[in-house]
Number of protein chains: 2
Amino acid sequence: MRPSTLIKRQKIISAATQLFFKQGYPETTLDQIIEQCGGSKQTLYRYFGDKKGILNEVITQGTEEMKSVFQFENDSDTALIKQLNEFGYLYIKTLCSPQLLNMHRIVITESRRDPELAEFFLSRGPQHFHRILTEFLLQQAEQGKLNINKAPLAATRLLGLLKGDFFQEALVGLPCPSEQEIHKSAQQAVKFFLQGCSAPD
Amino acid sequence: MRPSTLIKRQKIISAATQLFFKQGYPETTLDQIIEQCGGSKQTLYRYFGDKKGILNEVITQGTEEMKSVFQFENDSDTALIKQLNEFGYLYIKTLCSPQLLNMHRIVITESRRDPELAEFFLSRGPQHFHRILTEFLLQQAEQGKLNINKAPLAATRLLGLLKGDFFQEALVGLPCPSEQEIHKSAQQAVKFFLQGCSAPD
DNA sequence: AACTTATTGTACTGTTCGGTACAGTACATA
DNA sequence: TATGTACTGTACCGAACAGTACAATAAGTT
């Protein structure tokens with residue numbers, strides 16, 4: 001494969017990503033994609049087979065980017081609550097970002113036709129946050145800083161509290177919360193979470 | 001308006017509801033609706049104007065039904081935790097029912113074109129639960145059975161915990177939880193909630 | 001340069017589907 | 001039984017759009 005081919009391929013994906021996330025998947029026509037990135041429809045079919053092939057690539061790359069959003073510091077000096085607050089903030093912010101909201105919407109719609117898409121998206125996107133949070137909580141519990149005996153369940157609790165405030169509303173198109181609101185909401189949810197953890201499961 | 005007209009109208013709505021919730025809104029054609037309930041396309045346009053007019057009616061009636069799902073007993077003898085457990089169970093069950101999931105999906109997709117649809121659906125559907133829970137919590141707090149000073153926020157917390165386990169996954173098409181799982185999940189969430197309430201906001 | 005392979009642009013196909021036109025039929029009311 | 005209104009069935013229109021055919025052209029390779 002020529003290097004120019006790879007560049008072109010990436011251009012198509014970028015254009016498609018932009019359009020899918022702005023207008024939605026069924027609303028975006030192949031001609032629009034081409035108009036944006038140049039080239040010919042024929043090329044598009046050569047690279048991706050069909051329209052859904054493009055979508056798969058868009059979701060793949062989109063979720064890939066998400067993974068780099070957050071990592072817990074392995075710094076045992078930083079206070080637990082501070083780390084959780086930071087995590088909560090980034091979680092809400094990411095989940096309510098136009099990009100992830102649109103990906104969610106597309107997956108919700110298209111998963112009917114392609115159930116694998118849903119699992120793929122979930123495990124790479126939202127569940128990624130669950131995994132790293134679980135790992136962190138487990139580690140904190142082992143160090144005696146946190147009183148939980150089922151880390152995955154505890155992670156679900158915290159994520160639920162964090163999602164609770166805005167996610168459902170944002171998904172149906174209500175305006176996203178401001179930075180300040182996200183910060184405040186994350187802090188309150190974390191506080192509530194830690195209080196809830198004070199008794200055994 | 002003749003009585004037969006009302007019956008016919010209702011038949012169309014029922015057929016549309018069934019098809020929309022089974023296949024989705026864009027996937028359902030007007031001809032399919034007619035095939036199911038008899039009559040003519042012309043009648044359909046006479047009653048509802050266009051396809052979106054049918055959808056509005058479907059959402060209206062669908063949310064209306066939901067309101068009758070749950071009411072707190074005004075029985076101060078029944079234990080708080082028992083009432084919350086029952087509420088939690090019905091909340092998860094309703095939210096993860098095929099009917100409400102499909103309504104959610106449709107609203108998520110269509111709200112782009114019709115933002116009012118989202119607000120309409122939210123306030124009649126999901127936020128209805130928030131309202132009655134808030135009212136109940138307020139009442140319990142006044143009776144000194146619960147230590148909260150911001151009932152709406154507390155309601156958001158509990159609903160977040162309840163949603164947390166299954167909602168996001170169910171929305172993208174993963175299999176719905178069993179009765180048992182819902183029961184267990186509701187109980188655990190309620191317990192966590194009450195623990196979290198033990199400190200002031 | 002000669003040759004091969006990848007790419008482009010344009011035009012086209014086939015189909016789906018919301019919406020309309022219209023002629024004919026049931027139905028209610030008087 | 002006469003008359004106007006509501007309904008039905010069928011056929012059609014027009015637009016949108018995924019996907020294809022193909023001839024012309026650019027880009028690599030030797």
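In what follows, chains carry the letters A, B, and so on, assigned in the order in which the sequence lines appear, proteins first and then strands, with residues in each chain numbered from 1.
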Assign Arg46(A) to base, sugar-phosphate, or nothing according to its heavy-atom contacts below 4.0 angstrom with the strands shown.
base
Rounded to whole Å, please give me the gap between CD1 in Ile34(B) and P in dT8(D).
9 Å
How many whole angstroms separate atom CD of Glu35(A) from atom P of dA18(D)?
14 Å
Presence of Thr5(A) side-chain N/O under 4.0 Å of dT7(C) phosphate oxygens OP1/OP2
yes
If we ignore hydrogens and angles and just use 3.5 Å, is the side chain of Arg105(A) paired with the main-chain N or O of Leu171(A) as donor and acceptor?
yes
Between Gln23(B) and Thr28(B), does a side-chain hydrogen bond (donor to acceptor under 3.5 Å, both in side chains) hold up when you go through it step by step?
CA-CA 6 Å; Gln23(B) 317 177 340; Thr28(B) 302; 3.2 Å; yes
So that I know where these two stand, are Phe167(A) and His104(A) an aromatic pair - ring centroids less than 6.0 Å apart?
yes
Lys82(A) to Phe87(A) six-membered ring, cation-pi geometry met (6.0 Å, 45°):
no
dA6(D) phosphate, OP1 or OP2, under 4.0 Å from Tyr47(B) side-chain N/O
no
Quickly work out the Ile7(B) CD1 to dC27(C) C1' distance and round it to whole Å.
14 Å
Expressed in angstrom and rounded to an integer, what is the separation of Leu44(A) atom CG from dG9(C) atom P?
13 Å
For a 4.5 angstrom cut-off between non-hydrogen side-chain atoms, does Glu27(A) reach Phe20(A)?
no
Starting from C1' on dT8(D), measure out to NZ on Lys8(B) and report it in whole angstrom.
9 Å
Going 5' to 3' along nucleotides 12-23 of chain C, which nucleotides have protein heavy atoms under 4.0 Å from the base (write B), which only from the sugar-phosphate (write S), and which from neither (write -)?
-----SSBBBB-
Rounded to whole Å, CD1 of Ile33(A) lies from P of dG19(D) at a distance of 11 Å
Worked verdict on Phe70(B) versus Phe129(B) for ring pair (Phe, Tyr, Trp, His ring centres under 6.0 Å):
CA-CA 8 Å; Phe70(B) 188 80; Phe129(B) 283 96; 7.6 Å; no
